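Worksheet: the structure to be examined is printed underneath.
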Amino acid sequence: MSPVTKQWLHLLETRFGVGPEFASHLLPVLERFAEQEPSAAEREKILRGVAAAYRSCQVVQTDSVDEVKLLLTQFVTELKKLDETLKVLGVYLERVRQRISRPSPRRMLH
């Protein structure tokens with residue numbers, strides 16, 4: 001790893017808050033950029049872009065997992081309500097069935 005790449009990794013971690021695990025996966029990319037000897041402005045844009053990608057990954061994972069957990073909890077709650085409602089309807093229909101009696105067959109006169 002070149003000294004320039006080490007410096008970039010250090011900047012990503014300290015200045016931009018990029019985790020070392022994430023930054024270590026970028027070594028080949030950072031090496032290529034370092035070989036091109038970008039200007040200070042270009043280097044700044046590259047590092048800001050990497051930091052933005054890191055933050056977007058972090059937010060999406062946390063929000064998505066929390067949202068899925070919330071949705072599944074609400075879904076389970078609704079299923080329980082539905083189950084209780086079906087039980088009540090079953091009991092009601094059983095009572096209605098027991099109260100309904102067939103009319104006695106009458107003789108038909110023609």
Side-chain angles (χ1 to χ4, degrees):
M1 179 177 0
S2 72
V4 174
T5 306
K6 285 182 183 179
Q7 179 188 12
W8 286 20
L9 286 174
H10 180 70
L11 283 172
L12 282 171
E13 292 175 13
T14 57
R15 185 170 162 208
F16 294 101
V18 175
E21 318 83 41
F22 186 83
S24 66
H25 292 290
L26 299 172
L27 284 175
V29 175
L30 293 176
E31 286 285 340
R32 269 189 248 128
F33 283 130
E35 289 171 1
Q36 296 173 2
E37 298 178 6
S39 67
E42 291 172 330
R43 183 192 73 199
E44 185 73 18
K45 287 179 182 180
I46 292 167
L47 295 178
R48 285 186 186 275
V50 169
Y54 175 75
R55 283 190 301 276
S56 70
C57 289
Q58 294 301 99
V59 171
V60 168
Q61 289 176 352
T62 304
D63 289 347
S64 294
V65 170
D66 291 342
E67 186 176 349
V68 168
K69 284 180 182 178
L70 177 65
L71 289 173
L72 285 175
T73 302
Q74 291 174 347
F75 181 70
V76 167
T77 302
E78 293 302 318
L79 283 177
K80 287 178 181 178
K81 289 178 186 177
L82 185 61
D83 184 51
E84 289 297 318
T85 303
L86 289 173
K87 286 178 184 176
V88 170
L89 282 174
V91 170
Y92 178 76
L93 288 174
E94 184 63 31
R95 288 181 183 168
V96 167
R97 188 180 68 81
Q98 289 173 357
R99 290 186 181 181
I100 295 177
S101 60
R102 291 186 172 170
S104 58
R106 294 185 181 173
R107 271 182 61 195
M108 294 184 98
L109 296 175
H110 295 280

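The structure displayed is predicted, hence computed values, not measured ones. All values below were derived from every heavy atom in this structure, side-chain atoms included, with hydrogens, water molecules and symmetry-related copies excluded.
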Distance-only criterion, 3.5 Å: show the donor-acceptor pairs between side-chain atoms of residues 15-24 and protein atoms not counting sequence neighbours.
residue : atom : partner : partner atom : Å
Arg15   : NH1  : Glu44   : OE1          : 3.1
Arg15   : NH2  : Glu44   : OE1          : 3.4
Arg15   : NH2  : Glu44   : OE2          : 2.7
Ser24   : OG   : Pro20   : O            : 3.3
Ser24   : OG   : Glu21   : O            : 2.8

ILVMFWY network linking Val88 to Val96, side-chain heavy atoms under 4.5 angstrom: no
Close side-chain approach of Arg32 and Pro28, heavy atoms under 4.5 Å: yes
Distance-only criterion, 3.5 Å: show the donor-acceptor pairs between side-chain atoms of residues 35-42 and protein atoms not counting sequence neighbours.
residue : atom : partner : partner atom : Å
Ser39   : OG   : Glu42   : N            : 3.3
Glu42   : OE1  : Ser39   : N            : 2.9

Check: Leu30 and Leu12 side chains under 4.5 Å, non-hydrogen atoms: yes
Side chain proximity check, Leu26 to Leu9, heavy atoms < 4.5 angstrom: no
If you define the side chain from C-beta out and look only at heavy atoms, does anything of Arg97 sit under 4.5 Å from Glu94? yes
Separation of Thr77 OG1 from Leu72 CG (nearest 0.5 Å): 10.5 Å
Report yes if some heavy atom in the side chain of Glu84 is under 4.5 Å from a heavy atom in the side chain of Lys81; otherwise report no. no
